[in-house]
Amino acid sequence: MNNSISRRGFIRVLGLATASLVFPVKTLAVSKAKVVVVGGGFAGATCAKYLKMWGGNDVEVTLIDKNSSYYSPILSNLILNGQKSLSELMFSYNDLETKYGISFVNKEVSSINSDTKVISFSDTTSLSYDKVVVATGIDFIQSNAYDFEKVPHAWMGGAQVALLKEKLDLIPNNGTFIMSIPKAPYRCPPGPYERACVVADLLSSKNINVTVLDENADIIVEKDTFSTKFNEYGITYISNAKVTNVDDTNNQVTYNSSETLSADLLNIIPNQKASSLVFDMGLDDDKFAPVNFLSYESKLKNDVYVIGDAHKSSMPKAGHIANSEAKICADAILRDLKNELPYQTPVTNSACYSPVSRTEASWLTALYKYDSATQNMIPADSRYPVAGNPSTSNYNEMFNWTGNLFSDTFS
Ligand SMILES: Cc1cc2nc3c(=O)[nH]c(=O)nc-3n(C[C@H](O)[C@H](O)[C@H](O)COP(=O)(O)OP(=O)(O)OC[C@H]3O[C@@H](n4cnc5c(N)ncnc54)[C@H](O)[C@@H]3O)c2cc1C
């Protein structure tokens with residue numbers, strides 16, 4: 001945090017050869033440090049792997065997840081149209097345990113006390129740590145209390161996606177499908193637009209009316225691509241449409257408190273915030289956790305790091321960039337354990353491939369660099385490269401990209 005950085009910065013400026021002559025060396029540097037990563041998604045699994053790969057015997061790494069395996073949200077829209085199965089997007093933590101020597105704990109964390117450095121589980125057991133990485137993703141902000149089993153969001157991998165597929169398969173001919181797009185920032189900026197296209201393509205033979213309610217003022221990414229596809233599919237697109245009520249008994253959605261629409265199937269993707277653990281620990285500022293971008297250490301608590309969708313930044317909430325942030329965080333933790341400063345010019349990279357049919361995809365990528373003046377990550381280039389036109393070759397390349405990302409994260 002700020003104190004230790006300025007202390008080390010001070011040492012550097014003075015050019016003192018041995019910091020320990022002036023300040024006591026941290027005890028963590030001489031004993032095997034216990035680093036615990038909570039959340040085994042793209043952010044947490046990558047961080048655990050690289051902590052152990054780079055830290056070797058100097059560090060004991062534990063990865064905790066409430067689920068015994070992980071279902072990727074990336075590519076999950078392809079489950080809806082039958083191009084992928086749930087099992088193809090499921091990843092176990094076996095490789096991380098056997099190849100890298102990480103301890104995996106399949107438990108739900110109920111709280112973390114950052115003063116005593118103790119993690120408590122819902123089964124009342126506990127675990128202590130020297131440093132903890134919180135990588136627990138997002139939670140939803142619902143317009144009102146309604147049942148996700150009746151109105152699925154399908155914005156986390158696994159069961160919710162399977163449920164939406166089941167309901168899509170049952171939608172009657174000439175029926176209606178209404179989905180909503182949350183206010184940015186939310187997980188995967190192009191994802192909801194991608195979903196509208198995939199669903200419209202899937203349901204085209206049933207003559208289904210697809211309506212998209214977007215809380216944003218306009219399509220927020222790849223506007224040319226998605227507006228062209230929306231026109232092609234005959235999707236009704238309504239911008240500035242904030243979902244204000246969901247009636248899960250009558251399958252009705254109200255937006256802007258005045259307009260109510262009925263559908264055979266509703267797919268409401270609610271607004272988003274960091275997972276509840278971030279709030280319980282007091283790591284939040286507004287909806288997400290502010291961090292120091294040189295290390296991803298919380299700006300509010302010492303020795304607590306927040307990576308992936310749960311942290312607050314202008315970078316997109318996406319799995320590829322979460323993998324990138326995780327490596328910066330792992331490196332910074334290992335340096336800190338040796339009383340070294342974090343790397344001062346980190347760069348992160350984001351990529352999202354969007355299938356828009358059973359054969360075509362577009363993509364979007366961006367590079368971010370650390371700006372020391374604002375202490376923020378800023379775009380390294382003012383242009384965000386995009387595919388332009390969706391194509392079959394993009395669709396095929398998408399699987400090379402995911403293959404690399406999945407294996408860099410989980411194996
Ligand atoms: C349809 C769709 C398409 C997408 N496409 C792309 C794409 O093309 N490119 C891209 O980069 N990203 C894409 N994404 C976004 C990407 O999936 C997310 O940004 C990414 O999963 C975030 O990773 P994370 O590790 O922060 O969170 P998660 O993946 O949500 O992982 C969080 C983990 O924490 C665990 N957890 C939570 N709370 C606790 C607790 N209390 N105790 C123990 N464990 C806990 C959860 O079980 C989970 O495993 C897409 C998302 C969707 C929905």
Side-chain angles (χ1 to χ4, degrees), residues 36-48 62-80 84 89-91 93 104-112 119-123 133-139 153-161 164 179 182 185-199 221 267 269 272 274-281 288-289 296 306-311 315-326 348-355 361-366 394 398 401-402 405-406 409-410:
V36 179
V37 181
V38 184
F42 287 100
T46 307
C47 191
T62 304
L63 176 64
I64 302 171
D65 203 287
K66 61 185 174 186
N67 296 314
S68 58
S69 47
Y70 179 76
Y71 287 94
S72 168
I74 297 178
L75 293 188
S76 63
N77 283 330
L78 294 184
I79 289 178
L80 304 179
K84 283 279 167 198
L89 298 186
M90 191 200 86
F91 298 91
Y93 298 108
F104 176 66
V105 175
N106 178 204
K107 289 185 182 186
E108 180 166 18
V109 170
S110 54
S111 64
I112 302 176
I119 296 170
S120 301
F121 296 106
S122 47
D123 66 4
V133 181
V134 176
T136 43
I138 53 157
D139 267 348
H153 52 76
W155 215 238
M156 301 202 181
Q160 271 281 313
V161 179
L164 181 60
M179 64 171 285
Y186 59 81
R187 164 173 287 181
C188 191
Y193 304 100
E194 159 193 326
R195 174 170 292 168
C197 293
V198 166
V199 168
V221 281
N267 171 211
I269 306 171
Q272 292 161 29
S275 70
S276 54
L277 206 53
V278 164
F279 293 87
D280 297 345
M281 290 181 73
F288 296 95
Y296 291 84
V306 187
I307 52 174
D309 286 359
H311 87 277
M315 295 183 287
K317 300 200 176 296
H320 185 120
I321 205 162
N323 167 284
S324 206
E325 295 154 11
T348 53
N349 175 223
S350 175
C352 285
Y353 272 83
S354 290
S362 67
W363 53 257
L364 163 74
T365 183
N394 291 335
M398 176 170 69
W401 165 73
T402 48
L405 177 63
F406 293 163
T409 304
F410 296 105

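Every number for a ligand or one of its atoms is a count from 1 in the order of the listing.
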Spatial distance of atom OG (Ser68) from atom CE (Met90) [nearest 0.5 Å]: 7.5 Å
Can you measure from CD1 (Ile321) to CZ (Phe42) and round to the nearest 0.5 angstrom? 14.0 Å
If you measure only the distance, is there a donor-acceptor pair under 3.5 Å linking the side chains of Ser111 and Asp280? no
Classify the ring geometry of Tyr353 against Trp401: parallel below 30°, tilted from 30° to 60°, perpendicular beyond 60°. tilted
Write down, by chain and number, every protein residue that brings a non-hydrogen atom to less than 4.0 Å from an atom of ligand 1. Gly39, Gly40, Gly41, Phe42, Ala43, Asp65, Lys66, Asn67, Tyr70, Pro73, Ile74, Ser76, Asn77, Lys107, Glu108, Val109, Ala135, Thr136, Gly137, Trp155, Arg187, Cys188, Gly308, Asp309, Lys317, Ala318, Gly319, His320, Ala351, Cys352, Tyr353, Trp401
Polar side-chain atom of Asn267 near backbone of His153 as donor-acceptor pair, under 3.5 Å: yes
Under 3.5 Å: donor-acceptor pair, side chain of Tyr296, backbone of Glu325: no
